[in-house]
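Numbering of ligands and ligand atoms starts at 1, following listing order.
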Amino acid sequence: MQIFLDSANYEEIETWFRQGIVDGVTTNPSIMFKDGVYNLEEGARRLCALLKDCPVSVEVTSNDRAEMIQQARTFACWAPNIVVKIPIVNEFGESCLGVIHSLTCDGISINTTAILSFNQAILAAKAGAKYVSIFAGRIADEGNDPGTVIRNVRAWLDQWNLTSQIIVGSIRTVMDIQAAALAGAHILTIPPQFLPKMVDHKYTRDTVRQFNQDAEKALREITQRQPIAPGSGAEAAAVPLRSALQPTAKRP
Ligand code: E4P
């Protein structure tokens, strides 16, 4: 399973990318606006350069299908790792499957977005979308179970050997992340504010604190029993241990 960041915040993306857990980035016009990226081309090019070979999804901003195709072709020239997000329908409910199919035939990677049902997902996959973005939070907003949709779409893709990958987005809680991962998402696109909650645990901190305290006690035992002579091998061993035990991270 891959992890994407659902963000346009360069600094935050860079921080997590350097920790080896980020396989791509997804954006949409609302995320770009929220993260202060008003110049789409400049922001997208910057993210693409940071992410190197990893995909960066950028969404078209028109209801007109001919214009979507034009925008997608322009976006695709910005960087080789651009993926173009096309909604499954425009805001009038008109099908965008033709747009998805034609761009896919041109060799442009398409992420079909705003998918809220099984039927939308299978049509997007049939049209050739590389990614189908299932919006878990918005499915739940409507009183439906995102886990069932994700599980069914995954089973259907596997049954027919289709290569489209499920991205689960619209994540609202850490529990949504766990549920989507277990339901069979190929990719989760996670808002970065959830990552500290995923990595941290109060009892892990307590555990590490206990280990550090016991290591400190062991060091005291050694030094009490046998004073360490300056310049000796024992002192060389103790120095890194002492410095490793100095608290560096702020403790809440
Ligand atoms: C991801 O690709 C989507 O654009 C995003 O997750 C939508 O999330 P929202 O429902 O919080 O707007």
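- For the pair Arg46 and Glu42, the salt-bridge criterion is not met [side-chain N within less than 4.0 Å of a carboxylate O].
- Looking at Ile167 and Phe4, their side chains come closer than 4.5 Å, going by heavy atoms from C-beta outward.
- Ranking the protein heavy atoms by distance from atom 2 (O) of ligand 1 puts Lys85 NZ, 2.7 Å first.
- Annotation: atom 3 (C) of ligand 1 to nearest protein heavy atom, Phe135 CZ, 3.4 Å.
- Using a 4.0 Å cut-off between charged nitrogen and carboxylate oxygen, Glu14 and Arg18 count as a salt-bridge pair.
- Taking any N or O of Ser133, backbone or side chain, none lies under 3.5 Å from an N or O belonging to ligand 1.
- Checked by atom type, the side-chain pair Ser170/Arg172 shows a donor-acceptor distance below 3.5 Å.
- Distances below 4.0 Å separate heavy atoms of Gly169 from the following atoms of ligand 1: 6 (O).
- Classified by interplanar angle (parallel below 30°, tilted 30° to 60°, perpendicular above 60°), the ring pair Trp156/Phe118 is perpendicular.
- Ligand 1 has an N or O atom lying under 3.5 Å from an N or O atom of Asp6, backbone or side chain.
- Contacts between Glu59 and ligand 1 below 4.0 angstrom, taking non-hydrogen atoms only, are absent altogether.
- For the pair Thr189 and ligand 1, the shortest N or O to N or O distance does not fall below 3.5 Å.
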